[in-house]
2 protein chains.
Amino acid sequence: MNLDTTDWSILTELQRDGRIALTELGRRVNLSASAVTERVRRLEAEGVITGYRADVDLMKVGLAVLAVVRLKYPGSRHEPLHRLLEERPEILECLRTTGDDCYTLKVAATSMPHLERLVDELAGLGSTTTNIVYSQTLSYRGPQAP
Amino acid sequence: MNLDTTDWSILTELQRDGRIALTELGRRVNLSASAVTERVRRLEAEGVITGYRADVDLMKVGLAVLAVVRLKYPGSRHEPLHRLLEERPEILECLRTTGDDCYTLKVAATSMPHLERLVDELAGLGSTTTNIVYSQTLSYRGPQAP
DNA sequence: CTATTTTACCGGCAGATTCCCGGGGCGGCC
DNA sequence: GGCCGCCCCGGGAATCTGCCGGTAAAATAG
């Protein structure tokens, strides 16, 4: 799988606006609609583009408290955590990392008591370190050409 | 801004597939195309939906090394960091948090030397703690009804 | 309790978009 | 040269979007 400059332009545009029409996308990358369609289909089929998502403002939907929870997980039984990830949509992201804290989670809650409950559930699995998020730079850009 | 059950269904569907046609979206939430269009337009105008993005597989585009970098930032001059965020597309996300490490960054690099360069740049601003990411649960779900 | 306004929905139509063809230009290979 | 694969273009049918008026139920006012 090799990406040329045009592919990168397409990825950049689709990361900026994932709902853009293919004709408009073609206009921006100097390609006909059919050519750009074929390229996008190929990028999807190859798994370069894994999907398209609407971004939702957490505040606007009542999730006012965002936090990073680092979880130190003893042993190697990961099923309880995976089950928790399935059950709790408040856990937005879960990264397994090197270092003392095996997992880094991003968690959204409606309130402090809500966050407290979530952290308590996680604390049942291992020791946690929680930091409240003040603000986040909206990363509406994804990967770009290396 | 109050969201009813239908709005939540719409948000759920659009977070699962942000490029779905409005007619199909209407079918899934039991609404006509025009009704669902109006609701989506309202959600966009109110800022609930902030945009639509294509998700790109980092591996597939050569960004094989993902890391979490925590940055302890002395003082209150944040411009140097913001400039770095603008310049370095490798920084996918930047959260400002409570706690000893003021910032938590998610960084994608093509290789270890590449990551090393990035961390060195960040280390010029403050003291860093870096953890490599083994794997991440693809959070293709966003917020759901509280 | 009735009248009026507001809200949310539907259907339909014009225009735009997507999908699916066939066909052309170009470089590599026999 | 001749063939083949690759990538691109253009055209037409099917589909989707954007916009309109019209309707019914809920909210508001009197």
Side-chain angles (χ1 to χ4, degrees), chain A residues 1-63 140-146, chain B residues 1-63 140-146:
Chain A
M1 188 67 215
N2 241 345
L3 303 177
D4 61 16
T5 313
T6 306
D7 287 323
W8 276 108
S9 302
I10 290 174
L11 289 180
T12 301
E13 292 298 330
L14 285 178
Q15 282 177 110
R16 183 154 30 220
D17 179 5
R19 241 184 127 76
I20 187 179
L22 292 173
T23 51
E24 173 62 22
L25 179 57
R27 211 166 296 137
R28 296 201 191 165
V29 302
N30 296 316
L31 233 53
S32 76
S34 48
V36 87
T37 303
E38 188 181 343
R39 275 177 183 261
V40 171
R41 293 290 167 267
R42 192 168 53 86
L43 290 169
E44 291 168 353
E46 299 277 351
V48 178
I49 296 174
T50 57
Y52 303 88
R53 324 259 167 247
D55 270 6
V56 172
D57 186 314
L58 296 175
M59 297 288 173
K60 291 280 171 63
V61 297
L63 294 165
Y140 76 132
R141 42 105 174 266
Q144 294 181 13
Chain B
M1 188 67 214
N2 241 344
L3 302 176
D4 62 15
T5 313
T6 305
D7 287 324
W8 277 108
S9 303
I10 289 173
L11 289 179
T12 301
E13 292 298 330
L14 285 179
Q15 283 177 108
R16 183 155 28 223
D17 179 5
R19 238 184 130 78
I20 186 178
L22 292 172
T23 51
E24 172 62 22
L25 179 57
R27 211 166 295 137
R28 296 202 192 165
V29 301
N30 296 317
L31 234 51
S32 76
S34 48
V36 87
T37 302
E38 188 181 345
R39 275 177 182 263
V40 171
R41 290 293 166 269
R42 193 168 54 87
L43 290 170
E44 291 169 354
E46 299 276 351
V48 178
I49 295 174
T50 57
Y52 303 88
R53 323 255 169 257
D55 271 6
V56 172
D57 187 315
L58 296 175
M59 296 289 172
K60 290 278 172 61
V61 297
L63 293 164
Y140 76 132
R141 43 112 173 257
Q144 294 181 12

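The chains referred to below are lettered A, B, ... by the order of the sequence lines, with proteins before strands, and numbering in each begins at 1. Note that the structure is a prediction, hence the values are computed from the model and not measured.
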Protein within reach of the bases, or only the backbone? For nucleotides 8-22 of chain C, mark each nucleotide 5' to 3' as B, S or -, using heavy atoms under 4.0 Å. SBBB-----SBS---
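- Applying the side chain to side chain contact (heavy atoms under 4.5 Å, CB included) test between B:Asp57 and each of A:Leu43, A:Ile49, A:Thr50 identifies A:Thr50 as the sole match.
- Remark: B:Glu24 pairs with B:Arg27, B:Arg28 by the side chain to side chain donor-acceptor pair (under 3.5 Å) rule, at least two apart or across chains.
- Here the P atom of nucleotide D:dT15 and the CG atom of B:Leu25 are 19 Å apart, to the nearest Å.
- For B:Ser9, the side chain to side chain donor-acceptor pair (under 3.5 Å) test picks out no residue, with sequence neighbours left out.
- For the side chain to side chain donor-acceptor pair (under 3.5 Å) test, residues two or more places apart in sequence or in another chain that qualify with B:Glu44 are B:Arg41, B:Tyr52.
- Of the candidates B:Asp17, B:Thr12, B:Leu11, B:Ile10, B:Leu14 forms a side chain to side chain contact (heavy atoms under 4.5 Å, CB included) with just one, namely B:Ile10.
- Residues satisfying the salt bridge (charged side-chain N to carboxylate O under 4.0 Å, His left out) test with A:Arg19, not counting sequence neighbours, are none.
- Rounding to whole angstrom units, CG of residue A:Asp7 and P of D:dC6 are separated by 15 Å.
- Annotation for A:Asn2 and A:Asp7: closest pair O-OD2, 4.0 Å, computed over non-hydrogen atoms.
- As rounded to whole Å, 12 Å separates atom P of D:dC7 from atom CG of A:Leu3.
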Under 3.5 Å, which N/O atoms of the protein pair with N/O atoms of nucleotides 22-25 of chain D?
none

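- Just one residue in the list A:Asp4, A:Leu22, A:Leu3 forms a side chain to side chain contact (heavy atoms under 4.5 Å, CB included) with A:Arg39, and that residue is A:Asp4.
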